[in-house]
Structure formats: structure tokens, C-alpha cells
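Protein chains get the first letters and strands the later ones, always in sequence-line order, with residue 1 at the start of each.
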Amino acid sequence: MSIERDVAAQYGVMRYSLGSLLVNAVTGNRHWKPIWREPEPKPAYDVVIVGGGGHGLATAHYLAKEHGITNVAVVEKSYIGSGNVGRNTTIVRSNYLLPGNLPFYEHSMKLWEGLEQDLNYNAMVSQRGVLNVFHSDPQRDAYARRGNAMRLHGVDAELLDREQVRALVPFVDFDNARFPIRGGLLQKRGGTVRHDAVAWGFARSADSRGVDIIQNCAAIGFRIENGRVLGVETEKGFIGAKKVALSVAGNSTRVAAMAGLRLPIESHAVQAFVTEGVKPVIDVVMTFGAGHFYVSQSDKGGLVFGGDIEGYNSYAQRGNLPVIEDVAEGGMALMPVIGRLRILRSWGGLLDMTMDGSPIIDLTPVEGLYLNAGWCYGGFKATPASGWCFAHLIANSAPHPLAAAYRLDRFARGAVIDEKGMGAQPNLH
Amino acid sequence: MRINCPYCGERALEEFTYRGDATVTRPDSLDAASEPAWVDYVYFRDNPAGRHREHWHHSAGCHAWLVVTRDTRTHEIVAVEFAGKGKLP
Amino acid sequence: MSDRHLRPMSALAGLAIPGRYGKAGGEPGVTIVERLGLGLATVAARKGAPLRAAVKASYGVNLPDDSSVGQGPELSFVGYGPGQWLAVSESLANESLARDLAQRLRGLASISDQSGGRTVLRLSGPRARDVLAKGLSIDLHPRAFSPGSAATSTIALMGVQLWQIDDTPSYDIALFRSVSASFWRWLTSSAPEFGYEVTTS
Amino acid sequence: MTSQPNRLAQGGVIDRTKKIRFSFDGQKFTGHDGDTLASALLANGVRLVGRSFKYHRPRGILSAGSEEPNALVELRSGARREPNTRATTIELYDGLDAASQNRWPSLKFDVLAANQLFSPIFGAGFYYKTFMWPASFWEKVYEPAIRRAAGLGRGAGLPDPDHYDKVNAFCDVLVIGAGPAGLAAALTAARSGCRVILAEEDFRLGGRLLAERYEIDGAPALDWVKAAEAELESLPDCRILRRTTVQGVYDGGTYAAIERVNDHVAVPPAHQPRQRLWRIVAKRAVLAAGAIERGIVFGDNDRPGIMLAGAVRAYVNRYGVTPGKRAVIFADNDDAFRTAADLADAGVAVAALIDARKAPSAAAQHIAEGAGARYLSGAAIERVGGGRGVNAVEIRDAAGKAEQVDCDLVAMSGGWNPSVHLTTHLNGKPQWNEGLSALVPGSLPPGMSVAGAAAGSFGLASCLAEGLAAGAAAAAECGFAASAGKTPAASDDSGAASPVWLIDKSRGKAFVDFQNDVTVSDVKLAAREGFRIPEHLKRYTTLGMATDQGKTGNANGAAVLAAVTGRYIGAVGTTTFRPPFTPVAISAFAGHHRGPDFRPARLASSHAYAEEQGAMFVETGPWLRALYYPKRGEDPQDAVNREVANVRERVGVCDVSTLGKIDVQGKDAGRFLDRVYANTFSTLPVGKARYGLMLREDGFVLDDGTTARLAEDHYFMTTTTANAVKVMQHLEFCQQGLWPELDVQTVSVTEQWAQFAVAGPRARDVIQAIVDSAYDLANEAFPYLACGDVTVCGGTPGRLFRLSFSGELAYEIAVPARFGDSLARAIVEAGAAFGIAPYGTEALGVLRIEKGHPAGGELNGQTTAHDLGFGKMLSAKKDFIGRFMAAREALTDPARPRLVGLRPLDRADLIRAGAHLIPKDAELVAKNDQGYVTSIAYSPSLGHWLGLGLLARGPERHGEIVRAFDPVRNGDVLVEVRPPCFIDQDGERLRV
Ligand SMILES: Cc1cc2nc3c(=O)[nH]c(=O)nc-3n(C[C@H](O)[C@H](O)[C@H](O)COP(=O)(O)OP(=O)(O)OC[C@H]3O[C@@H](n4cnc5c(N)ncnc54)[C@H](O)[C@@H]3O)c2cc1C
Ligand SMILES: NC(=O)c1ccc[n+]([C@@H]2O[C@H](COP(=O)([O-])OP(=O)(O)OC[C@H]3O[C@@H](n4cnc5c(N)ncnc54)[C@H](O)[C@@H]3O)[C@@H](O)[C@H]2O)c1
Ligand SMILES: Cc1cc2nc3c(=O)[nH]c(=O)nc-3n(C[C@H](O)[C@H](O)[C@H](O)COP(=O)(O)O)c2cc1C
Ligand SMILES: [Zn+2]
């Protein structure tokens, strides 16, 4: 704590509190300081993290806070938060099925629960509950299997019948549906987190601990000598590093290729949508079980929703019309009360789809080069745990137990973590 | 996106089903030494940003499997041909 | 053995009821009739077999290489894929078409009877194009699609094979039997704007 | 109050003979045909229309188009209520009923206006810095309060009652926008004979020409518009879409447009949609979307009565409405000062022309004289008087002298921004143009060109010229002979602005983004805190994130950011425009596909019969299948028990037509099947069927089913209902992609055959009564797994298979689907003597579980052949899909969960699918989780529940007692591990 203050003082970070808010208000808000510096890269660091998204910034935060490694740079090709952390539908949950995933995502959930205090930044972690509705007996049993797995891992899960679902979301179509709702799986601790604030909060905290956050500085190559990484070539010149950590989400294969690595990953686009702001409509996060539609309402009042991924390799960060129609159809089938609400914006992100739908946190064949990738469309909820485990891996060159299943060699061995049972077909996960 | 099927002509995206990288070739499963080749074939991809040769199925049309050459940054399609030996029967 | 003979049943039984619907007054924008009793069969060419010649010889039809209709006296071949056609016939009704094809094209093509598996509707009238445009994403403008043109596509998420008959315009649409009722719901929610008539011939 | 006090006696394109009654906040007004709600409100002297998002500031009408940030209302009521609807785009219709939003208790007196006092606290991003203590308070206290305060209007809360259409349209040239440039482009393109679609957002063609007093060829510009409209109407392949906004640009020349077919009436007429989604495929597109005016950033610039100059001209010239009695013009470009002339000619007093530019403008000066108004250059408005509407402004002139001028209307203009939105949807980046001080189109979507104000050409003559040229060029690129022809005569003064972005000496809140209440101090604060990149500024302050997407605010925002960070505006960059161009109702994208029409329903040919029998149906994938056939008063479980017992003791019939059916033909058909199945089929004799297992290439199980050999070169394959489509696609890939050299043809015949399972000890009796007597069905002649063509009921061609899913003596009989209904009835009739009863999928499930056949619950994509006890089926002799990867240790590890049968130790107990399997005395924690229950059934035959499950080392543990733990349903029962098959292990019954 006291060390924290010193560092804070040294880097001039301000603690946020109602007090500081009022004091600044009366002094015309003239004394707020930048929440991160804009440093030029030093010649070398102990660790260079490539990618200033949620995971990269969280990794920097935990490296500094949990492992005392502060001689760290995060190089980001655009502005921090420009990637998926800033364009996702913000759902956090730990309602996973397989043992390889459950403990990891539950740890993430726990870190979310303490995040504001940890960061002294309000990321608006909102545990409003995540409800997945089902429409048939087999689907119910599959959710029961999942719910039971969660409970065995000490994760909260409730299986609701039709009437319990109705009580929770009375505006949903129960009477005129092609696929009537038969019940749902509810994780009350699940919810949403303000996406941008996650990037900013971790960045502010990392910066305050001495981490250099360098924007508009894409990694364009690696210096590797006899199997060991020596540093990163960037748009701002060479930056030496004892260790280099990749956390570039949708661009993992491109960046890894610079180090001569080939990955079990395809890049896919997925869209999201937001409607005009309206007074509260829906209080939980909800997922349709008979189509591609999931929705929550942002604190600003917009319904934020998404659907299926585009389905073809893409780096374009945008989508096409069929998915938009498919999503709207799903929305109208589930809750026709939203029909006259208007979509004000749609956008796309760039997903790292792996061959089994689960992520990779591992060492690479290149000594000193670490990989964090393959988060598919579910890595926002993973942000804190991913940073936590990746920091551990970087600090100790050994996997964190919670991420022990996320090794690269699992594909060759066949020890895949395939929640959906879709096989080696990334666009189906 | 619209794909110009060599049989049906130009059709809307929703008529097609995507499979993925068309440059990988299936090894011989009877050859015990082919393990690395198999792992590569089933799991590993170049995933280029740029020209990509990929399999699409015209599932709502003629049911032909196609090899489409497409730029993954712009979605511009530069070539479409039949899969396999690319011939009509 | 049971003495009762099996009676065929249309998948639109109880749905396609003759009458005038939707916008009242004037010409109906589109007229809808189900074509019953057609012989339908898929014809898939065997590798390297001289199918073309045989079809010409036995049916007097030039097999189309593209998705168009090869018209003959007793039947027509509607191209729906490379080396694949849907044979359609009035005279060789129902199963008899597949049987006939199997005999005359033995070893040259693989034949599958589809006479029970499709509902075939004929849509004709001045607004037929406008009705179809609500579900079919294929350009039916005379410059792009004319009598004898054919296409395999979807209408409102349902697979269809469609070919143009004449300039009225009239189109025959073959859909999978099991979705007939859903298709009818789409059709009867898309056509009323123009006024439509359901007839039996 | 007198009706329409601010309506001019003549002028404008409205029909004064048609009076239209409407109400706003319960008060009754009248307007005219051709009005928007905004013009009608102004005509009636209504200036205060809404309250702002955060500070609840009084807001009026800023613009006259879809860029409106302020005048948002709740339109209509009940199930048709539409929140946040722009008064400036609502066409007036009789009985229109609108209400203001985000105010309480009333629009005039709004309690939350007090928020303004706390604005220093409610500055940009304040919520990131607080509400953190105590942690538990966020969901319970802070968030609900924030959510209630946020969001402007209220949704309907009821299902949308209207109908929506989708239409596919194709053309050579799509012209977006019907102002001078668009009309000109459409003319040259359409004249060439190519197919043209002209889409116009407004309900009238003409664009700015409707709002201005321009002349073309010496006559009023609207004459030219009328002529152009008439000519376009007369051209056969030109389609004009009014009230149609092109919302998005997508790949392959695809454009999404929304036509508001019936938003200008109270309720859509019978048989008519409310809106239409046009999916337009165009070879070429001409973007002629015009330009959007921006305001000036000064204190209290959001007061009702302060409007965009172009909008003021629109209200005067197009609607014959005077938005005020005494006006002041505040602008930095000559174009805007023309407003003074228009106002003066309309009888509005013009107090002053305040030119923000240092250098005096002769043109402006001249206009001022004509309007009898003072002209001050290098001057600025520094203070605005009036609370709910401007009543005076304080002006500081070049010399620094301040004076107060009374006025109730301020027409402001900071210049124009070309409407570049649609040029950016495919990742195109607009470029800063110093001359115009605005962003102009950069790289364009393939096939798109830009003309007129959208391209940054503000002179009318150049708009016309560019339009004509663009239309001709587009047509030519589509292969049509087209010429631009000569450009009609028109003025060409392009009043480009030399902008004065920010009046920072001014007092009061200076708004950059009106709707989201983003002020200059918010931008300053954000910059101070490090949010200096426009994308960061946007996200931190929400600048440009409201329903207008910053159409009027973004440019000023970037300029202020540049100013406060001391950078050149061209260098600070910009944010990204995304579809849609204006907000689009979700219903419009869904169209027909909602409620029961969300997805098509596939019905088996015996559906009608099953309905008559009172069957309950269940959704299985795309199909609706009979679940069970309850007798009157019979509860579901009893019905299923009865159906199962009837199969075991007598005979039952079940429609199994939903199974995927595939004809596999050709001389290499056998070899082909050997490669797609894990086991061998080339050796299968004609007239026989065999169970087959398919793997994915990664070694896991894909699907299973029986395949019969009907002839040397003809196999008939069946797949599971769930995987029918997937398997067909897989076969086609293998055949076309992997082994094109094989002579094999695959055709789906799922729809062709109605197929019924007839199962039970008396099955042969029933089948014999159905199949024509020519066929010998004696056990020896037609043994288990035999198959062949038959005729039924006196000549109908059919196929007979002796297959058994139930484990009883059983057949599957198939006829062409159009006989399915009839055959179902015939079977039941013929079976009556033997006690036949139809059974549904529920009983089907029970029967197969009693027999231990894996199905959906076990074939879940996560299991291997070895898990399901099919390890021995994997042929070692041949190559087949999945062979290599299936052999990997991780897939054959005996410790994997493998298929077992389960029955409750206490036979009265209920087992549930989804329960996890845990050693009897082990602690109930994850590390002891050894598998789970995949399927369950109540077995009437055995008189207790039983199940199938996947259990670690299962086959080695028969006889062991484990726990089926089901906490989510409070289930926890002891079960005995057994072999999967519970009935007739040796399979004698199915062979009799
Ligand atoms: C539309 C959408 C909806 C989603 N919804 C959810 C959800 O509801 N719940 C959930 O849990 N997950 C969701 N996700 C997934 C989640 O957003 C991602 O898995 C997660 O954000 C990825 O981790 P990240 O934040 O580090 O990625 P990013 O934020 O993308 O960070 C990667 C960064 O690396 C940078 N970079 C790339 N290449 C280079 C280079 N060469 N040099 C330097 N920097 C580089 C990028 O610019 C980017 O800033 C969604 C994703 C999308 C697109
Ligand atoms: N002198 C100046 O400073 C100045 C500045 C701007 C414009 N102008 C004048 O305005 C006119 C510009 O002519 P123009 O034709 O280029 O533009 P315009 O503004 O006259 O017409 C554009 C039309 O496009 C429509 N539109 C915009 N976006 C659309 C969309 N997404 N879908 C469908 N329709 C859409 C608008 O409703 C409008 O009718 C000229 O008369 C010009 O002199 C002058
Ligand atoms: C949870 C969430 C809520 C959003 N809400 C809004 C919104 O209310 N208004 C808006 O204009 N954009 C909203 N956006 C979208 C962003 O403006 C932006 O499109 C997105 O971050 C992607 O960035 P890009 O469009 O600049 O590529 C939201 C995005 C997210 C992830
Ligand atoms: Zn095709």
C-alpha cells in the first residue's frame, strides 16, 4: 500500500475518491492529471508486452503488482483499447462446462469482483445475472450438465423452469414462438463490465507502477538469435527485451509469424450492435437458445447485442448484411417488444478463433517469447485471469495451474478443450 | 459479399457455407510417418492478411465446393473455381 | 395384404384454398396454382459417361451445361448443379419418370425419384416478380432472367428450384415438401399487397 | 392561441388547403400537408421541444433534417410508441400524437434541470472516479439510479404490431440522394437505358433546392426538379425510392436501404408493411448525399431559437414558416448570410449579421444592407439571454465593445461537412480538406463515386455538372453509351467557410455535442486527463455517440480538441463512421422472420394424421415431430409408458422420415463409403443393410446410421436427424474436394421418402398386411438387416428394411412422401387386429435407451468411437476419414469417460440427464467428477428409471455403485453401473 503510494507519488497518479472529485470540481477541474503518461520507448525493458488491449494491459498491471516487475513496456499499434476490449458486448460470466475452463473463468470472475478496489477505478462491474434460455429437453439436460459442473467447481448456477424465466423477463415471447422457451440457466454473479474502463483502469494502474504504455507503436518484427528473443522491432525503432509477451488478439497469427511460428488459429470478424438509449428495458444479460442473439442494456440506455460470427477469415473489422438480419430475427423471435427500438450503430471486431474454441497461454519454441492468444469471442470476461496467469507465466517461465490446460501441444495430442463439440472448425465454435 | 459461382453465377453470401483454408492437403493416413503432416492438416493455418485460398460450399445453390481466392483485409474476391480437380464431370 | 390403395396427398392440402385474396379489385397481381402429379427425378451424370448423347437420343433434349432448362417433347431437364439435373415431366407422371430414366440411362446417370419430395407451384402475373423479390435474391429482370432460365436458391430461408415458363411472367417453383406450409405462410404474407388468386389449374 | 401564427401566407411546398390536426404533449395544433412535425411546431410558435440527456437543458429545433440532435420526441402511443424520433423527419399526418421526453414533471418545469448546478462533478467520465464504495452498492444503489436517469425515451414495452418486408433489388447504377447532384446523375444514367435506382431519404425530391431560392436556367430551381422527376418517372428502368435512406454499404456492391413506407400515416393500411428493407445490389453507385451544416461553439448555443442557418432557410422557403420575429445571423461563411435575405423577404426583422471572420465580406455586407440589418465582422456572440428560449444575445465587436441585441432567433453556421458517411463503411478514411475546412471522401468503396456537396463541391452549378458527369460515367462503366450533356445554367458561389471554431471568451456552457451534453469544458478535461486521440475523446466524453452520431458535432469536437491541445486540426484525426446512416428499427432487419415464422418448420408427411390423433409435437432441429400420443385424460408419462409397452408386447408405428436419407450411387460407391465410414461397406451384399460409424477428420465421432445396398452401384444411407445437412455437405466435400476421381454421386432423398418404423412382436403380421403378397417376408427369406424394393397396398412402389432401433422385431417401410399420410393410416388400420398404436419420439428414445443405443446425448461431438464402445469398428485395413487422428492416445485413453448403463440402486429413484457421476463415498467436488448421465428414460419394461452415461473407465466398473449428483435440480441418487444394454442383450427378439 505505502509502496503503492510512493510509486503513485513518483508518477503523479491521483487517487480517485468522492473527495478528490469534489475538490477538483470546486477548483474548476483544472488539477486532474493525465491518467497515463505518453513516454518515448526506452532502449530496453525486462519485459515488452505486444498489444495494449485488455489482456496486455492486465498482464502489465499484474506483472507490476503481483510480481514486482515494473521495467515493462506495452507497445500498442493504435490507441489502447482500440481492439476487442473496446468493441465487445461486455458480458462476463464463468458458466463454462469443461474442467479445463471452469476454474480459470471462475478465478476471473473473482478478480472482477474486486477490480474497482484493486484499480481504484470504477469499471462498473455489474453483476446483474446472465441467463441462457433453453427450448428443448436435450438442451435443458445439456445446461443441467453445465450447471452441475459449475456447482462442483464452487460456481453459482441455477436451473430455472419456464415460469421462473417468465418472472425474470416477462417481456419475452412465451406464447407465439417458433421455439418456445422451456427454462434457463442463470448465473447470478455474471453480468457486464464497462469495456473501455477496463482498458483505461488497467493502463492507469500499470502506468502508475512505472509501466511505459507506448501507443501508435506497432511491433513489426522480432530480433531472435539462436532460438532466443532479444527484442522487438517497432514503428518507433528497436526495443530490447529480456522477455517478449504477445497479447494481440485477432492478430496473433500475423505477429507470431514474425517469429516464425504457425498457430491453430483463424481470424474472424464478428459484429455488435447498439440501439438508441431508452429507459430500462432489460435488467439481466440474456442469450437466446434457438438462434444467434444475446443482449444486455448499457448504463447509458442502449441495448447492446450481438450474434453469430461472420464465418469467414477476415481482418476487416466489419461485417455484412446476413448476420445483421440473422441477429435482428433472433431478437424479434425472443423479445418482439424491441421491434421499434432503433439500431444506431453496428461495428465489428477481430477474433482469434482457435481449432477447439479455447485459448492458449503458453511458452513458445522461441526462448523468452510468450504467447497469449485464441480468445475467440469470449476473452473479455477472461481479461483479469488472463493477465494474472500470463504475468505468472512470464515471471516464472512456467504455466499457472489455472491455465495449465491452455497449452499449445494439446492440439497435436488431441487433448482439446471443445465446449461445443464442433471439432477443428474455428467458425463453428 | 457476393461470390461468383462458376455454375450458378453471382450469388449472395448467405447462400454459401465456409470451410476454410484450401491450401492444406490431406496426408496419407496409412503412412505412420505422417503424424506431423496430420497435425498440420487438421489444426494449423497460415491465416494470411491478404490473399487467401479458401473452401466455400454453395449449399443453397448447386452444392458445388468452390475454391475462392479472397483478400481477407478488403473481402475482394479475385478468383472462384471448382474444388478438387476443378473440372465438370 | 390390405385392400385399401394409398391415396396421394398434397402438402398444401387445407392451405391452398382457391379464391381471391389480399388487395381487392382489378387484376390479381399474381396467380398461384399447385402443379400436381408431375414426374420429378434428379439425374446425376456418371463419371465420363456419354450421357449427353443418350439423353438427346432417348428424349430429344440437349442437356444444358448451365442452370437453364433443356426442353423436350415429353420432359425437360432443369440444370441445378454441375452434371446434375432435375427432370420434370407431365406425361411421365410421378414415379414413372424416374423408372423410365433409370431404364433408358442405365449406367450413364444416377437417378433418384423426387416426385414425392417436392411441392411445385406456378406463380404468374404482372406482380409475380415483385412477390418473389421479397424472398428471392436473384435478379429476375428480363435482361437477366428469361423463359428457360433456371436457378437454385432460397426464399425466406427455404431451398427452392425455380425456372421461368413465359413472359407473363410465369415461374415454376419446386420446394421441399416438408416446408410447404411454412412457404405458404411466407407467400400469403408477401402477396396480399398486390392481390392474389389461388386456382386449381 | 391563433392557429399557426408563424405561417407565411404563401410560399413553400406545402398544401395550405389541407389542414392536418396533431397534438404535442396533449396540446392540439394544426399544420399542413407537406409539413414535418418540426415545421408545424414552429409554425405554431412552439420552440421548446425536449430536455437534454444529462443536464435536462431546454432544447428546441436545431436542424431541418435527419441530423437533428435536439428535437427528439416519443411518437405514437401504445404498442406503436417510438422513442427518440426526430421531429425534423416526422411527416405530419392527421391525428399525429407526440410527446416530449426525459423531463419530469413537465417539459417547462423539469426537476432534474438541477443537475446543471452539479455539472462540475458530472463532468466527462466522472463515474469512473466514484461510486466505488462500498463495492456492493453498485448494483443495488448507484447503477439503478444511473440507469433510470439515462436513456431518453421509453420503449413501447409491447410487441411491435406492424408488418415488415424485405425486398431484393438489382440495378446498374444506384444514386444515393436526390438533390441537384443526385437528380442530375440519375438523369444521365437513366437516359442511357441502364437500370437505375434513385434513393431519397426525404419524402420530396430536390434536396437543398427545396430549402433555397436558387434558379436553374433562369427559372426557379424547383421547376427543374419537377421536370427531372417527371422524366425519371417516365423511364421504364428507373425506380425512384422516396422516404428511403441508404443505411449501409456492404461487400460486393450490396447496399442496405430502409423505405419508410407507412411512417407518414397513423397506422399502415391493410396488406401494407410499415417499412421495407431494400437489399440493393448495384454495379455502380453515385453518392450524392449532400452536406450537413455545423453550428458554432459558444456559450448557451443550445438555447431554443438558436438554429442552423440552412435549417432556417428550409423552414422559411420550403415550409413557409418564420421560426422567429427578430433574427440575428451568426456565421463564418457567406452562404449562411443569404439567410438574412430570405428572412427579410419573408417579413422577419433581421437585427444583425455577425460575421465571425476578421476580414469583412462584401457579399455579406451587401446582403445586410438589403435586409436593413447591421453588419459586424470580427464579432461574436458571447452571451445568450433567455431560459427556455433565446430572447437576446450579447455581441462583442472587433473593437471589443459589447452590446446587447434583442432577438428570438439566431441562425448560426460554422460551415458545411460533406456527408462522407457511406464512403467509410468499407474502411475508407475521409481526408481533411483545408480549403473547405471539412472532411471530404478519401478512398471509396469499389464501384462508388461521389458528386456534389458530398464531394465538397458547394456551388450549385458544380453540383449539377458533377452529377451529370458521375451518372454518365457510372452508366458507361456498366456498358451503356451515356453522355453528361450540357450543364444547365446556375450560380456557382460556394460559400466555403473560414471557420472560427470556438468562441472561448463566451460565458455559459458551450455545447459541442448537443444530445449527449458534451461541452467545451468536457473536451478540455478529457484532454487534460490524457484522452487526446479523437477515439479516446469520443469514448471518454461520449462525443458523437448519440442517436445523431455526431453529424453536427464531430467536426467541432475535433476542432476544439485541436485548439485545446495546440495541434493542427487536420492532424488530430477523426473517429469512424459506421452503419447505419440513421438509426434503424430492429423489426425492419427481421422482416417476416419473427414469432412462428422465425424459422421454417419442417413437417413430416404424417403430420396431419398425428394431429388428428391428438399428438403433442416437439421441435427437433428444423422439424416438428410427434412427441407422444396422449389418450384423453392421460398424462404424458402414462402415454409414453403405454406406447413403449405396446411396442414391447404388441406392435407400434413411428414416423422416422426425419432421418437424413442419401442415395449414394456410381460404380465407386462402395469404395467411397469405405473412406467416409470407419467400417467397411464395399463388402456389403446387395439386399443387406449395415450399421455405420462416421468420424470427423480430427478423430471424434461425427454421425452414425444404417446404410443399405439396394444394387451393386446403389447404396441408401441414413443419417441422424440432427446431422442430416452436415453429413450431406461432408460427403460432397469428400467426393468433390478429396476424391474427385471416384465415380460416385450423392443425392439427398430425405424429402422423397416417408418412412415408418413398425416395431414389436407382431410387426411382421402388420408388414405382411401392407406389403403386396408377391413378397416373401418369412424370417429366412427376409432376415434381420435385409432390405429391398417392394410394392405396398396394391402397387405403390416402396422400400422395406428390416432394421431395429427398439430391439424388437422391426421393419422400416418407405413410400414416396405424398403417400405418407395414407400409408400411416393404412398401417394403423392393418395393425388394428394386432393391437398397433402409434408412438412418438419420446417412446422411441425410451426404447433405444433400454437397448443402450447411443444417440443425440452421446453423439455430442466430444466423444470418440472408443468412448461409445465402437473401438472395434475402426477398420485397420483401410484409409478413412478420421483414421489417423482417432488413433491418438488422448482419444483412446481407457481413463476417458466411456459409455455405461445406469440404474438407480433404489429402483424408486429418478435419474436425470446432466447429473454428474461421482464415486460413492467421494467428496462432491470437481476433482471427483468422473462423468455424467447422457440420456435417461423411465423403462416400463423394467419398472424403473434407467440411463446411459459416460463414466471414466466405465466398462471396467460394471456393478460398481456411484452417485448421480444433480445439484441444480437437487438430485443426488446412487446408481449402479451396468452394460449399456438393458433388454435382450443377445438380440434374439430382433432376429425372430
Ligand atoms: C463484437 C465482439 C463481442 C464480444 N463479446 C464478448 C463478450 O460479451 N464477452 C467476452 O468475454 N468476450 C467478448 N468478446 C471477445 C473479447 O473482446 C476478446 O476476446 C478480448 O478482448 C481479446 O483480448 P484483448 O482485450 O487483449 O484484445 P484486444 O483489445 O484486441 O487487444 C489486442 C491489441 O493488440 C494490438 N496489436 C495487434 N497487432 C499489434 C502489433 N503488431 N503491434 C502492437 N500491437 C498490436 C491491437 O491493436 C489491440 O489493441 C467479443 C469480441 C467482439 C469483437
Ligand atoms: N454554398 C454552400 O456553402 C453550400 C454548402 C452545401 C450545400 N450547398 C447547396 O446544396 C446543394 C447540394 O446539392 P447536392 O445534390 O450535392 O446535395 P443536397 O443536399 O441538395 O441533396 C442531398 C440529398 O441526399 C439525401 N440523402 C442524404 N443522405 C442520404 C442517404 N443516406 N440515403 C438517401 N438519401 C440521402 C438528402 O435527403 C438530400 O435530399 C447545392 O444546391 C449547393 O449549392 C451550398
Ligand atoms: C458496450 C458498448 C456500447 C456502445 N455504445 C455505443 C453508443 O451508445 N453509441 C455509439 O455511438 N457507439 C457505441 N458503441 C460503439 C462504439 O462507438 C464503437 O463503434 C466501437 O467501440 C468500435 O469502434 P469503431 O467503430 O471505432 O471501430 C458501443 C460499443 C460497446 C462495446
Ligand atoms: Zn453454385
Checklist outcome for this item: The interface call for D/T130 against chain A, heavy-atom contacts under 4.5 Å, is both

Checklist entry - Which region of D/L702, side chain (C-beta onward) or backbone (N, CA, C, O), has a non-hydrogen atom less than 4.5 Å from a non-hydrogen atom of chain A, or is it both or neither? => result neither

Checklist entry - In terms of the angle between their ring planes, are D/H536 and A/Y79 parallel, tilted or perpendicular, with boundaries placed at 30° and 60°? => result perpendicular

Item to check | Residue D/D893 versus chain A: region with a heavy atom under 4.5 Å | outcome: neither

Next on the checklist: What's the separation between atom CG in A/D356 and atom CG in D/D698, rounded to the nearest 0.5 Å?
Outcome noted: 10.0 Å

Checklist entry - Among A/Q425, A/H31, A/E158, A/M422, which has the most heavy-atom pairs under 4.5 Å with chain D? => result A/M422

Next on the checklist: Heavy-atom cut-off 4.5 Å, strictly under: side chain, backbone, both or neither for A/F273 against chain D?
Outcome noted: neither

Next on the checklist: For the CD1 atom of D/I586 and the CD1 atom of A/I324, what is their distance to the nearest 0.5 Å?
Outcome noted: 12.0 Å

Checklist entry - Please walk me through it: do D/D929 and A/R151 pass salt bridge (Lys or Arg N to Asp or Glu O under 4.0 Å)? => result CA-CA 11 Å; D/D929 187 355; A/R151 295 280 279 269; over 6 Å; no

Checklist entry - Hey, is the main chain of D/M132 close enough, under 3.5 Å, to the side chain of A/Q117 for a donor-acceptor pair? => result yes

Next on the checklist: Show, in sequence, the C-alpha distance, side-chain angles and deciding distance for D/L277 and A/E325, and conclude whether the side-chain contact (heavy atoms from CB on, under 4.5 Å) test is met.
Outcome noted: CA-CA 10 Å; D/L277 165 63; A/E325 295 179 47; 4.0 Å; yes

Checklist entry - Do D/N102 and A/K279 pass the side-chain contact (heavy atoms from CB on, under 4.5 Å) test, and can you show the C-alpha distance, the side-chain angles, and the key distance before you say yes or no? => result CA-CA 9 Å; D/N102 204 44; A/K279 298 297 177 191; 3.1 Å; yes

Checklist entry - Do you know which two heavy atoms are closest between D/R147 and A/I282, and how far apart they sit? => result NH2-O, 3.0 Å

Item to check | Distance, nearest 0.5 Å, that separates CD1 of A/I343 from CZ of D/F589 | outcome: 5.5 Å

Item to check | D/Q862 CD to A/E419 CD distance, which is reported to the nearest 0.5 Å | outcome: 8.0 Å

Checklist entry - Between A/R342 and D/T85, does any side-chain donor sit less than 3.5 Å from a side-chain acceptor? => result yes

Checklist entry - Measuring heavy-atom distances to chain A, does D/I121 have an atom under 4.5 Å in its side chain, in its backbone, in both, or in neither? => result both

Next on the checklist: Quick check on D/Y142 against chain A: is it the side chain, the backbone, both or neither that has a heavy atom closer than 4.5 Å?
Outcome noted: neither

Checklist outcome for this item: If one checks every heavy atom of D/R81 against chain A at 4.5 Å, the contacting part turns out to be backbone

Checklist outcome for this item: If you tally heavy-atom pairs under 4.5 Å between each of D/E143, D/E82, D/R532, D/R912 and chain A, the highest tally belongs to D/E143

Checklist entry - Which heavy atom of A/H135 sits nearest a heavy atom of D/E619, and at what distance? => result O-OE1, 4.2 Å

Item to check | Under 4.5 Å from any heavy atom of chain D - which part of A/E276 | outcome: both

Checklist outcome for this item: Honestly, the part of A/V26 sitting under 4.5 Å from a heavy atom of chain D is neither

Item to check | Whether A/R340 side chain and D/R80 backbone form a donor-acceptor pair below 3.5 Å | outcome: yes

Checklist entry - With a 4.5 angstrom heavy-atom cut-off, which part of D/F131 approaches chain A: side chain, backbone, both or neither? => result both

Checklist entry - What part of D/Y932 is in contact with chain A, defined as an atom under 4.5 angstrom from a non-hydrogen atom: side chain, backbone, both or neither? => result side chain

Checklist outcome for this item: With chain A, the option among D/D966, D/N860, D/L924 that has the most non-hydrogen atom pairs under 4.5 Å is D/D966

Checklist entry - Does the salt bridge (Lys or Arg N to Asp or Glu O under 4.0 Å) test come out yes or no for D/D251 and A/R318, once each step is laid out? => result CA-CA 10 Å; D/D251 291 311; A/R318 56 176 175 80; 3.0 Å; yes

Checklist entry - A/N24 versus chain D, heavy atoms under 4.5 Å apart: side chain, backbone, both or neither? => result neither

Next on the checklist: So for D/F531, is it side chain, backbone, both, or neither that comes closer than 4.5 Å to the heavy atoms of chain A?
Outcome noted: side chain

Checklist entry - Checking heavy atoms, do the side chain of D/H425, its backbone, both or neither come under 4.5 Å from chain A? => result backbone

Checklist outcome for this item: Bottom line for D/M885: the part with an atom under 4.5 Å from chain A's heavy atoms is neither

Checklist entry - D/K166 and A/E329: salt bridge (Lys or Arg N to Asp or Glu O under 4.0 Å), yes or no, with the steps? => result CA-CA 12 Å; D/K166 293 180 186 178; A/E329 290 161 5; 2.8 Å; yes

Item to check | Distance under 6.0 Å and angle within 45° of ring axis: A/R178 vs D/F598 | outcome: no

Checklist entry - Between the side chain of D/R888 and the main-chain N/O of A/A412, is any donor-acceptor distance below 3.5 Å? => result yes

Checklist entry - Side chain, backbone, both or neither: which part of D/I936 has an atom under 4.5 Å from a heavy atom of chain A? => result neither

Checklist entry - Considering only heavy atoms, which portion of D/K726 lies under 4.5 Å from any heavy atom of chain A: side chain, backbone, both, or neither? => result side chain

Item to check | Contacting region of D/I533 [heavy-atom separation from chain A under 4.5 Å] | outcome: side chain

Checklist entry - Distance-only, no hydrogens or angles: does the A/N148 side chain make a donor-acceptor pair with backbone N or O of D/V968 under 3.5 Å? => result yes

Item to check | Stepwise side-chain contact (heavy atoms from CB on, under 4.5 Å) check, A/L321 with D/T254 | outcome: CA-CA 8 Å; A/L321 209 42; D/T254 308; 4.3 Å; yes

Item to check | Euclidean distance, D/S119 OG relative to A/N29 CG, rounded to 0.5 Å | outcome: 9.0 Å

